Amino acid sequence: MKYASVIVDVPAMQTDRAFDYKIPEEWQELVTPGMRVIVPFGPRKIQGFVIETKNHSEFKRIKAISELLDLTPCLTSELLQLGQWLTEKTLCFKISAFQAMLPAAMKAKYEKALGLTTDDVTKLADQLQSFFMNGNQVDLKEIEQSVSLKMIQKEIEQGHLEVIYKVKQKTNKKTIKIIKRNESLIRLTELIKELPANAKKQIEIISYFTTNEINEIALQDLLIEANTSDTSVKALISKGILKEEIKEVYRDPYQDRHFEKTKRLMLNNEQQQAITPLLKSINENVHDVFLMYGVTGSGKTEVYLQSIEEVLKNGKEAIVLVPEISLTPQMVHRFKGRFGSKVAVLHSGLSTGEKYDEWRKIQRKEVQLVVGARSAIFAPFENLGMIIIDEEHESSYKQEENPRYHARDVAIYRAKLHKCPVVLGSATPTLESFARSKKDVYKLLTLKERVNKRSMPRVDIIDLREELRSGNRSMFSTSLIEKLTERLEKGEQSVLFLNRRGYSSFVMCRDCGFVIQCPHCDISLTYHRHGQQLKCHYCGHEEHMPNVCPECQSEHIRFFGTGTQKVEEELVKVLPHSRIIRMDVDTTGRKGAHEKLLTRFGNKEADILLGTQMIAKGLDFPDVTLVGVLTADTMLNLPDFRASEKTFQLLTQVSGRAGRHELPGEVIIQTYTPEHYSIQLASQYDYDSFYNHEMQLRKNHAYPPYYYLALLTVSHPEITKVVSVTEKIVQILRRNVENETKILGPVASPIPRIKDRYRYQCMVKYKREKNLHVTLRKIIEHFQQEMSSNDLMIAIDLSPNTMM
DNA sequence: AGCACGCCGACT
DNA sequence: GTCGGCGTGCTC
């Protein structure tokens, strides 16, 4: 008798362990670790992952696996091990770790149905009978609305009904119907004559097969080509002349796209020097982490491409992570252009089904390269030859929900196992990575020159306070308007960047200063022009924009702050003849909208591209000669120890959007704090000075990379509970950590309430703390009961990116 | 997470 | 005497 240890799909502390199941006789040879199964669990059925098969089990009453979901394991043994590592590293549940590694389509969905267990429908209560007229199974959801649960419960007790627990997949394989001919082509020509003359359509269909000399065609195409309906096709099938088959197909998000084949470019001296140690590491199967520090436009991508070529030549596979590539279609083009069908693409712009299909291409070894966002780091390759993380400093590589992993850490862990290099590329590396390269933990590869030998565009810092003093109260400085006008006259393009994070358009009463806040979260509501709505970005609460101040009834209530819409309106006033494309959540919501807008801009259908963070990366348009940053310092005032670093990175990146080709570029940065070092140094493209300055601050304030961080956030509907629990946690921590370690808190979180839950936090800053994980587990165990029964939540983020 | 089981107060 | 509230504990 064989048994399987299964991790079940119940993300809770008490079920965060393996449960044993019998493997039915017929599957004994089939079931292997890494497969998904459906198992009975209590009264219901749920999905689970087999992590081990064995010949003995300690348990006496063991149920059997009820269904096999995979014939090939969806988790390789490496990924199973990686999952184990993830749970330990991030203190998450095993099931959460496994689910994070697979496309969402493979997560189960649960439904309940009621089944009739008696032959005599009339035994049921009157209201229920109608539901079982045609069929003896009905979805519970359908019934629930019109019949009380009590009545249903009674019927169950009397044995007339039973609850059926269903496990469904979120998305299935896409299939199409294929029509094949069942006879030889010669026989078909004869059949045309034999068919009754009034069967015109059927004759047409057969003729389509004979004239085109084809064996099969997709039903959909046939219907169009032969201009017919499926009744005629069905008739032919029933006559045995044609037959129908179901074929599995991939949803191809890039189906209608043609990718120009590109050839390798000559590497310049610097690139050559950078690629040499990388190729050595690839060919000798050595694990190294390289930090490729290359200014924007220095040709990092070409180095990536040529090293990938080497990896593929060796019969191995590669993963390339990019921040959010639906945002940079140009990047996809470069990879697809060079490697064609060897590439799978995984990013958030794809539908669940499309992601699933791309993932299966990887699993079936139909591709050797995956280009994708964060979660692509879990691509089920078994013969990895290299991992590249482009724009290494991007905060989107850190997942902000469980499991709170950083793709960089996962990459290094996997690369160690596969004995292959990791390349971290950036023009503005994180301080952590740069510090490691200085200590020789990472190997530094430097690209200082831009490929086209162009110097970086000139940056002008405009002091908005002075503008204000000289009477300009608009959001555009005189200088910016001048330069924009200049571009309009010359027919060149501009990009305007609104750094919105920090404050968006909140609604305030000018008389009493009242700010409208979310009733469930301690955060001001955001004004959305569409439908005059006020929305909460944290809990989704919506209300109507009031006409008068709810506090003092004054009519002088209006929205403040700058949204892209408002900027656009103002811009049109100042430059009435400019053509503007606005890019923000509102205009890019629909699938593909993003790319369309960029294409339009690329075709010079607009003069000015106006947008938020999303236009900061990867844009490369030859005629853009001016980049304007409307307010550079909005991010600086956030309670985030990386605020300066992020500002520097963003400004550097935005500046890189101008003058990438023949025409020289220019950058205007508007700010209220022109003296701030991250703005000053970004304008001089002086990463090294920024690094030194910021490192000193991090040292003084005990932040990374000098200290590691752990952030514990406690939340509960009652503030007293939250405070007392956080205090208790701090107590436990204090008793268990080294002297050197600093514990901050308890303090209220920067957003003290979200969705009617109060939030308190405490921060641990440590250098060496080998028992931290043990202590944190102790804390979780200590509060376990209250967490499951009393609505208490404790979120632990080991190495948080922000304090929020 | 669900769900059953069990113990206590408020009703036909 | 029963219905239904939710605290407790289990799921191979």
Side-chain angles (χ1 to χ4, degrees), chain A residues 1-25 27-28 31-33 35-69 87 91-100 104 107-115 125 139-141 143-144 147-159 161-168 170 401-403 715-718 721 755 757 780-795:
Chain A
M1 180 64 80
K2 274 185 109 187
Y3 301 93
S5 294
V6 175
I7 301 293
V8 293
D9 182 14
V10 182
M13 188 112 255
Q14 290 145 303
T15 49
D16 189 33
R17 60 198 167 87
F19 287 81
D20 289 352
Y21 287 89
K22 279 181 207 161
I23 304 175
E25 204 63 47
W27 295 336
Q28 301 237 331
V31 175
T32 41
M35 285 181 181
R36 291 172 307 152
V37 288
I38 292 174
V39 291
F41 196 67
R44 54 207 171 115
K45 287 199 168 159
I46 55 174
Q47 199 179 85
F49 292 91
V50 176
I51 53 162
E52 193 190 352
T53 54
K54 52 192 184 181
N55 293 317
H56 298 284
S57 173
E58 321 259 289
F59 289 90
K60 284 174 209 98
R61 277 200 211 116
I62 301 183
K63 296 182 184 172
I65 291 173
S66 22
E67 258 178 83
L68 254 184
L69 290 175
T87 44
L91 297 174
C92 72
F93 303 127
K94 292 178 183 70
I95 189 70
S96 315
F98 292 144
Q99 274 167 356
K107 202 178 155 182
K109 230 175 29 179
Y110 300 101
E111 273 172 21
K112 278 180 276 185
L114 285 180
D139 281 353
L140 187 61
K141 264 193 200 142
I143 292 192
E144 246 173 359
V147 185
S148 75
L149 282 171
K150 272 159 226 154
M151 183 179 281
I152 294 169
Q153 204 171 30
K154 238 177 223 164
E155 298 289 354
I156 293 169
E157 264 166 43
Q158 287 173 18
L161 293 178
E162 64 174 343
V163 182
I164 298 167
Y165 296 88
K166 288 187 179 174
V167 184
K168 288 193 172 170
K170 276 222 168 116
E401 60 197 52
N402 274 332
S715 69
H716 189 272
E718 282 160 45
K721 185 81 212 163
K755 293 187 195 173
R757 301 176 64 89
I780 296 175
E781 271 158 38
H782 185 271
F783 291 103
Q784 187 196 319
Q785 218 165 329
E786 285 193 86
M787 284 166 68
S788 59
S789 67
N790 193 15
D791 209 9
L792 178 72
M793 283 209 295
I794 302 174

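Just so we're clear, the structure is a prediction, and the values are computed from it rather than from any experiment.
- Regarding A/D9, its CG atom lies at a distance of 18 Å from the P atom of C/dT11, rounded to whole Å.
- Across the protein-nucleic acid pair, A/Q784 atom CD and C/dT8 atom C1' stand 13 Å apart, rounded to whole Å.
- Here the C1' atom of nucleotide C/dT11 and the CD1 atom of A/I38 are 17 Å apart, to the nearest Å.
- Nucleotides of DNA chain B with any atom under 4.0 Å from a heavy atom of chain A span, from 5' to 3', B/dA1 to B/dC3.
- The structure places CD of A/E67 at 11.0 Å from CZ of A/R36, a figure rounded to the nearest 0.5 Å.
- For DNA chain B, the neighbouring residues in residues 40-59 of chain A, judged by any heavy atom under 4.0 Å, are A/P43, A/R44.
- We find that NZ of A/K150 is positioned 8 Å from C1' of C/dG4, with the value rounded to whole Å.
- Under the 4.0 Å criterion applied to side-chain N and carboxylate O atoms, A/E111 and A/K168 are assigned as salt-bridge partners.
- A/Y165 comes within 4.0 angstrom of sugar-phosphate atoms only, judged by non-hydrogen atoms across all strands, and of no base.
- In this structure, CE of A/M787 is placed 18 Å from P of C/dG9, rounded to the nearest angstrom.
- The nearest whole Å value for the distance from the CE atom in A/M13 to the C1' atom in C/dC10 is 16 Å.
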Decide side chain to side chain contact (heavy atoms under 4.5 Å, CB included) for A/M793 and A/R757; before the verdict, give the C-alpha distance in whole Å, the side-chain angles of both, and the deciding distance to 0.1 Å. CA-CA 10 Å; A/M793 283 209 295; A/R757 301 176 64 89; 3.5 Å; yes

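- Interatomic distance, CG of A/L149 versus CG of A/L140, reported as 7.0 Å (0.5 Å rounding).
- Following rounding to the nearest Å, A/I23 (CD1) and C/dC12 (P) show an atom-to-atom distance of 16 Å.
- Across all strands shown, A/Q14 has heavy atoms under 4.0 Å from base atoms, whether or not it also approaches the sugar-phosphate.
- Taking the six-membered ring where the residue is Trp, A/F49 and A/F98 present tilted rings, their angle falling between 30° and 60°.
- Residues A/L114 and A/V163 meet the side-chain proximity criterion, which asks for heavy atoms closer than 4.5 Å.
- One finds the CD1 atom of A/I23 at 5.5 Å from the NZ atom of A/K2 (value rounded to the nearest 0.5 Å).
- Between A/K721 and A/E786 a salt bridge is recorded (basic side-chain N to carboxylate O distance below 4.0 Å).
- Rounded to a whole Å, the CD atom of A/E157 is 12 Å from the C1' atom of C/dC3.
- A/K107 has no carboxylate O lying under 4.0 Å from a charged side-chain N of A/D9, or vice versa, which leaves the two without a salt bridge.
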